[in-house]
Amino acid sequence: MPAGLNRALFTVAGAAVAIVLAIAICSVAIVAAGADPLAAFAAFFDFGASARSQSNGIAAFLNRAVPLFIAGLAVAVGFRMNLFNIGVEGQYRLAAICAAYVGSTFTAPKPIQITVIILVAAVVGGLYALIPAVMKVTRGVNEVIATIMLNYIAINLTSYLVRGPFAGQRAEGELTTTTPDLPESAMFPNLNFFFDWFGVLPPTRGGGVWGFLLVAVVLGLVVWVVLERTRFGFDVKASGLNGPAALASGVNPKTMVIAAMVMSGAIAGLIGLPEILGDRGAFNSNFTPGLGFLGIAVALLGRNKPVGIAIAALLFAFLDRAQGALQIAEVPPSVITIIQGVIVLLVVVANEVTNRLALRLEERRAARQLGRNSPVEVGA
Amino acid sequence: MSSDTLDAARPAVELEGITKRFPGVVANHDIRISVRQGTVHAIVGENGAGKSTLMKILYGMQKPDEGTIKVDGKDVSFRSPSDAIDAGIGMVHQHFMLADNFTVLENIVLGAEPTKAGRLDVGAATKRITELAAAHGLRVDPGRLVEDLGVGDRQRVEILKVLYRGARILILDEPTAVLVPQEVDELFQNLRELTAEGLTVIFISHKLDEVLDIADEITVIRRGTTVASVDPHEVTARQLAELMVGSELPTPETRESTVTDTVMLKVSHLTMEADGHRAAPKGMPVERYVDLLREEGRRLLLDDVSFDIHKGEILGLAGVEGNGQSELIEAIMGIRPAHGGIALGEQDLSGWSTLRRREAGIGYIPEDRHRQGLLLEASLWENRVLGHQTRRPARSGIWINRRASRADTWRIIEDYDVRTPGVDTLALALSGGNQQKLIVGREMSGEPLFLIAAHPTRGVDVGAQAAIWDHLREARAAGLAVLLISADLDELIGLSDCIQVIYRGRLVAALDPSDITPERLGGYMTGAIAGTEES
């Protein structure tokens with residue numbers, strides 16, 4: 001499939017140029033902040049001196065990438081049909097606390113316990129995304145506004161729930177509020193054996209490499225298959241590329257809005273689980289916020305394709321991991337946020353440029369193969 | 001006030017070798033026009049001949065790939081419409097660009113407001129507008145709200161708006177499309193006064209009688225290029241039409257009739273309100289409800305439309321664009337709700353979704369293939385799947401059958417002579433004619449019972465046009481029922497077994513194509529002949 005290969009090469013080239021440019025721009029920012037760019041970039045690759053701290057660094061890197069990947073997938077499902085689900089943030093927080101609470105109320109064999117928790121998270125996320133979908137379909141409310149507003153509701157609702165109805169035992173002198181602890185059967189086994197295979201010391205901090213990584217990989221595969229190979233995926237693609245044409249071809253836009261939004265929300269529901277099931281064993285007030293918003297950037301960077309999103313999530317996680325190392329190198333860690341922002345901006349621009357170039361080339365190639373100089377036909 | 005005295009004047013606008021390429025569509029090629037100052041210069045051509053592109057280039061909305069533009073003898077290069085306005089060119093768009101909730105005055109000065117101490121100087125603006133209006137015989141009341149104005153008044157506001165910005169050259173894009181005959185006369189009177197004062201008018205139209213009436217000079221555009229410059233006193237409408245259409249055009253004659261007795265599509269009392277669909281009260285027959293709507297004075301986009309199409313019959317629907325054709329298509333396809341019945345064979349389709357109607361055997365060649373017919377940024381085989389997602393060979397269970405879809409796309413490419421490097425090529429890389437052949441092939445697959453063909457040969461080259469006509473004829477012979485909607489009257493007359501004329505949402509005449517001329521058909525389409533119309 002040379003036509004498709006051509007386009008893919010263009011995409012990769014564009015992203016590479018964008019990242020190189022981002023590094024250049026960030027070097028300027030780092031110099032302006034009074035630090036040494038070389039030291040900063042060295043810090044990104046500095047995983048620590050001891051073997052243990054290196055494996056901890058790798059674990060932190062992977063553990064950060066998993067939720068970012070899921071968040072990117074959730075946003076991308078909406079993006080594919082021009083639906084802007086900004087509400088991933090609220091959906092995952094609400095889903096996380098509900099799943100953590102429900103999981104703490106019973107004890108079952110490990111596979112069942114974990115499956116139930118995952119299902120609860122997906123259902124809560126999906127239902128919360130159903131609200132803006134129904135508002136859009138029945139009343140024409142813009143989903144961007146609706147989901148932003150629903151984010152506020154969800155964020156405040158979760159802080160209420162974790163303090164009130166879903167609050168668990170708090171130890172004397174403990175400052176964080178938390179839901180009741182999950183039973184041992186709810187904890188996802190870690191992947192530390194992986195390190196043993198290579199004869200490397202396994203990581204010790206933060207519960208090791210979270211096993212939810214595998215769920216994320218499967219999820220990525222499922223999303224890819226659904227979007228690229230099924231009828232539903234075709235309808236999503238058609239609606240995104242050309243709404244009027246999809247409508248004329250018999251795709252019901254209302255059904256599609258609801259289906260895509262709920263699917264996006266259900267995936268979003270899983271974002272918090274790696275952390276809860278892999279490390280914390282409960283939803284508490286230290287739960288990682290902001291993953292939903294980062295997911296938007298990851299989806300943009302990954303061009304809404306699962307493979308791209310995986311690469312983008314790994315890149316973001318790689319940058320995020322360097323927080324500590326940068327501080328040691330005396331570089332302000334906010335440099336990371338600058339790099340991430342600049343990369344996303346540049347990639348969006350590069351996408352636009354390479355897309356146009358690729359389309360132009362494709363036209364030319366088609367015209368050439370048909371033995372004509374220009375695609376314009378002119379009568380005598 | 002004749003323009004003959006201005007013969008010696010230098011040209012106000014000169015276009016030399018203007019060429020504009022777009023991917024896959026007929027654009028402009030080597031356009032040469034010279035417009036003398038103080039004249040009405042008409043540019044005529046069929047829909048899709050490239051008139052609009054040319055005007056966009058002249059008004060700075062698009063840049064030509066090649067060629068030069070001279071205004072008053074000076075070379076100019078416009079990057080945006082404001083450059084064109086600075087050069088004294090103004091454009092009156094076909095669709096008015098006025099803010100309804102502003103007064104005439106506010107609309108005219110919008111973007112070029114005279115200010116006094118930072119506030120709108122109403123006095124000065126009124127004075128200038130009244131002067132302009134008096135000088136050019138354009139009567140308007142500056143204080144009225146635009147939403148209270150009729151179409152003719154709005155157009156005058158648009159013209160004044162352009163003059164207010166100092167335009168000496170006016171482009172009018174299909175200005176008469178929205179006007180009733182009296183308003184047209186008034187407009188022409190205004191235009192004559194403008195030219196008498198030395199202004200230049202470029203008048204774009206495809207209505208030949210009007211062009212012959214108003215123009216001092218006519219340039220004909222066909223397939224993106226200028227084919228002739230003629231003097232309106234020396235040509236007839238017939239000759240002009242031949243220049244527009246070109247004599248090399250294949251004739252769309254259908255041979256012997258293949259019409260059968262079996263009714264394939266039955267449309268009865270189809271009615272659509274302009275201001276949103278409301279369900280009829282329970283138990284009330286549609287005819288009664290339509291009467292009720294009429295009594296309430298509601299505007300109807302489709303007004304009690306009924307017709308039958310038999311197996312093997314092509315029903316041609318003639319009408320000036322915007323008289324309900326699009327709405328009729330959308331109602332039949334189930335895209336937009338309407339009252340009344342639609343039956344395919346024995347099945348009542350009303351209330352069905354678009355998807356079910358398609359599955360039941362309705363094919364649809366949309367009027368705007370880029371908007372409704374194609375996913376331009378998707379491959380050809382994906383475009384083959386579009387509209388057939390739920391049917392073989394595109395579907396197998398919940399999956400899209402990629403291999404079978406690809407294979408079937410190759411079949412279409414071969415049978416319909418689609419010129420493409422392969423099935424993975426993006427649709428936008430194809431020329432307009434090849435895109436259209438792909439759509440025709442797609443809509444003919446899956447053995448449809450009934451086909452809507454809306455402007456099936458618009459903007460395609462002559463070869464593709466002949467091929468598409470052949471395919472329609474073959475399908476008709478095989479028993480397909482076709483609703484053909486076209487602005488090309490020769491195509492309608494040549495292909496149809498029966499012609500219905502739609503005017504303001506109503507079917508006003510049923511005609512036999514074998515004894516009708518384009519002139520008579522035009523009379524019905526503009527409401528000039530059917531004297532039974534209520535106003």
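Quick note: numbers below take in every heavy atom, side chains included, and nothing from hydrogens, waters or symmetry partners. Just so we're on the same page: letters track the sequence lines, and every chain starts at 1.
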Point to revise | Greater than 12 external heavy atoms within 6.0 Å of A:Arg356's CZ | key: no
**Study point:** B:Arg392, CZ atom: more than 12 neighbouring heavy atoms under 6.0 Å
**Key:** no
**Study point:** All pairs passing side-chain hydrogen bond (donor to acceptor under 3.5 Å, both in side chains) where residues 252-265 of chain A contributes a residue, at least two apart
**Key:** A:Asn85-A:Ser264, A:Asn252-A:Thr255
**Study point:** Best-contacting candidate, B:Leu374, B:Ile329, B:Leu355, against chain A by heavy atom pairs under 4.5 angstrom
**Key:** B:Leu355
Practice item. Please look at B:Glu330 and chain A and tell me whether the side chain, the backbone, both or neither of the residue comes under 4.5 angstrom of a heavy atom of that chain. Key: neither
Practice item. Kindly say whether B:His370 contributes a backbone atom to a donor-acceptor pair with the side chain of A:Asn242 at under 3.5 angstrom? Key: yes
Exercise for review: Might you point out which heavy atoms bring B:Arg402 and A:Glu228 nearest each other, and give the distance in Å?
Suggested key: NH1-O, 3.5 Å
**Study point:** Best-contacting candidate, A:Leu241, A:Asn355, A:Val225, against chain B by heavy atom pairs under 4.5 angstrom
**Key:** A:Leu241
Check your understanding: Top residue by heavy-atom pair count (under 4.5 Å) with chain A, among B:Leu426, B:Thr354, B:Ile335?
Key -> B:Leu426
Exercise for review: Kindly say whether A:Ala248 contributes a backbone atom to a donor-acceptor pair with the side chain of B:Arg358 at under 3.5 angstrom?
Suggested key: yes
Check your understanding: Between A:Phe234 and B:Gln389, what is the shortest heavy-atom contact and its length?
Key -> CD2-CG, 3.3 Å
Point to revise | Residue, of B:Ile398, B:Leu376, B:Asp30, B:Asn401, that accumulates the most heavy atom pairs under 4.5 Å with chain A | key: B:Ile398
Point to revise | Heavy-atom pair with the smallest gap, counting every atom of B:Gly373 and A:Ala245 | key: N-CB, 4.2 Å
**Study point:** For B:Ile400 against A:Thr230, the heavy-atom pair lying closest together
**Key:** CG1-O, 3.5 Å
Review point. Which distance, rounded to the nearest 0.5 Å, do you find between the CG of A:Asp235 and the CG of B:Leu386?
Key: 9.0 Å
Review point. At what distance, to the nearest 0.5 angstrom, does CG of A:Leu247 lie from CZ of B:Arg336?
Key: 11.5 Å
